[in-house]
Number of protein chains: 2
Amino acid sequence: MTARARPEVREACLVEAFKIIEETGVENLSLRDVARRVGVSHQAPYKHFPSRDHILAEIVARCFDEFAIFLDARQPSDRPHDDLRAMGLLYLDYAQSHPLKYRLMFNTPLPDPRQHPRMMRNAHHAFSILRNRLQGMPLRQTEPPSAKTADLDAMFIWSTLHGLSSILQSDMRTALKMSDLDQRRTVQRCFARLSLALTGDESPAIVKRPILTSKRKPRSSS
Amino acid sequence: MTARARPEVREACLVEAFKIIEETGVENLSLRDVARRVGVSHQAPYKHFPSRDHILAEIVARCFDEFAIFLDARQPSDRPHDDLRAMGLLYLDYAQSHPLKYRLMFNTPLPDPRQHPRMMRNAHHAFSILRNRLQGMPLRQTEPPSAKTADLDAMFIWSTLHGLSSILQSDMRTALKMSDLDQRRTVQRCFARLSLALTGDESPAIVKRPILTSKRKPRSSS
DNA sequence: AATAAAAGTAGACGCTGTCAACTCACAAGG
DNA sequence: CCTTGTGAGTTGACAGCGTCTACTTTTATT
């Protein structure tokens, strides 16, 4: 009866699926629910996506887009160290304010990632932003610097940021009874240790801004 | 009055569920499958566990047990730095050789973790092992040392280890086209940077054991 | 205008978690 | 002895899920 629109349905499905994940998590995402919200039959989404995994891959790809734009917001200054630190804070801020989407990107394994090249390309792009920021940094080297070693350091930074994000938003946080103050101090300490690891110095004047207050949307400008 | 508890079915359910997760991942665990394997009706497990989440929490708790024992295997020597590094390698080794169980512990949020105190206690215990190892370490301090700051450093180390483990076993690894050699070099670099961060020195002679060469298991479809 | 592809609908199948009602064994208490 | 209560196991049912198949409607191209 209700004959409807054109490929807007595809877009509407993605939008609704996005919402559902943001509200209830990826494990509660069902294509039938999406179809219901969009107002089409339970089979309509299958005309645009071969399977549930494919719609999920598309959503993950868009999350990476959003994430990369978020990380790239700040214009590089002449102080690469500050830039890197600001980026780290942005990273944590994003993970904190979009926990479900963050988990979707980094903790939700797809059956066969090779089947979703767009997703992989976007993920790669997000990582390359971090890597590029690292290029101009004067680092304490343990071996002759090269593009290879810069990649390794990028992986190290990323590991710490990702691990911190994951732990702070996992059940472990409640299991360890971490207060909000504990959390802020943990973040401060991790950044200090990262500075030590990379430059050998404690981080210079970076103010203790009230970032990571976990409620509001980020304000990237200071 | 009290009919005696014969927990053989309960134990068998846990064992089989353990196997299923190890083989196919937590998302493919179904209580009906467990019941089928054990050889009882599909409702029998519900006589021992109020819900699927409860059996899962029990399994997670046992995983933490196993994990803690694994981490605690090495006897402390008189070189705390070596001990810590060895523990880090053990951590990565476990995550690498039991990826599904590792994800189960750290990447699978339960609806309400407070409902499962045993799980939380075991998680806390696993963390305290790392913390204790850190106690005797001569660290480069950024502020007056205390039990509090030791906790913060433990969180830092744990973040890096956890982040590295997660990334290396995630889809990102394939998205970034990391070879096995890249992976080994990444681990080496992260440990070097961790040493710099904590002690200010590069790590002294630690053997390059062939840890982390395990093959990745194929992932099943959802 | 004819036609084929694209988009949407309807029904079915087997899977899932979970609720309800039933049987059965067995350990007290009288 | 018998009665009774309770934990364990059974069967049946229900709604929701992904997805396969078959059908109808819309749209675009020739």
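All values reported here derive from a predicted model rather than from experimental measurement. Labels below follow one simple rule: chain letters A, B, ... track the order of the sequence lines, proteins then strands, and each chain is numbered from 1.
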Q. Is A:Asp182 paired with A:Arg185 through a side-chain N to carboxylate O contact shorter than 4.0 Å?
A. no

Q. Any ion pair linking B:Lys19 and B:Glu22 (charged N to carboxylate O, less than 4.0 Å)?
A. no

Q) Just how far, in rounded Å, is C1' of D:dT19 from CZ of A:Phe49? A) 16 Å

Q.
For B:Phe106 and B:His162, take the angle between the two ring planes, folded into 0 to 90°, and tell me which bin it lands in: parallel under 30, tilted 30 to 60, perpendicular over 60.
A. tilted

Under 3.5 Å, which N/O atoms of the protein pair with N/O atoms of nucleotides 11-16 of chain D?
residue	atom	partner	partner atom	Å
D:dG12	O6	B:His42	NE2	2.9

When the side chains of residues 52-69 of chain B are checked against the rest of the protein, which donor-acceptor pairs come out under 3.5 Å, sequence neighbours left out?
residue	atom	partner	partner atom	Å
B:Arg52	NE	B:Leu29	O	3.4
B:Arg52	NH2	B:Val26	O	3.4
B:Arg52	NH2	B:Leu29	O	2.8
B:His54	ND1	B:Ser51	OG	3.0
B:Glu58	OE1	B:Arg10	NH2	3.4
B:Glu58	OE2	B:Arg62	NE	3.4
B:Glu58	OE2	B:Arg118	NH2	3.4
B:Arg62	NH1	B:Glu11	OE2	2.8
B:Arg62	NH2	B:Glu11	OE1	3.4
B:Asp65	OD1	B:Asn122	ND2	2.9
B:Asp65	OD2	B:Asn122	ND2	3.3
B:Glu66	OE1	B:Lys101	NZ	3.1
B:Glu66	OE2	B:Tyr94	OH	2.8
B:Glu66	OE2	B:Lys101	NZ	3.0

Q. Within the modelled atom types, does a donor on one side and an acceptor on the other bring the side chain of A:Lys47 and the base of C:dG8 under 3.5 Å apart?
A. yes

**Q.** Residues B:Asp33, B:Arg36: salt bridge by 4.0 Å N-O rule
**A.** yes

Q. What integer distance in Å separates B:Arg37:CZ from C:dT16:P?
A. 12 Å

Q) Counting distance only, does the side-chain N/O of B:Ser128 pair as donor-acceptor with the main-chain N or O of B:Arg131 below 3.5 Å? A) no

Q) Can you name the one residue among B:Leu92, B:Leu84, B:Thr186 that meets side-chain contact (heavy atoms from CB on, under 4.5 Å) with B:Phe191? A) B:Leu92

Q) Is B:Leu29 touching bases, backbone alone, or none of the nucleic acid, heavy atoms closer than 4.0 Å? A) sugar-phosphate

Q.
What is the distance, to the nearest angstrom, from the CD atom on B:Glu27 to the P atom on C:dT16?
A. 14 Å

Q) Could you write out DNA chain C as a dot-bracket string, with dots for unpaired bases, | for bases paired across to another strand, and Watson-Crick or G-U pairs counted at under 3.5 Å? A) ||||||||||||||||||||||||||||||

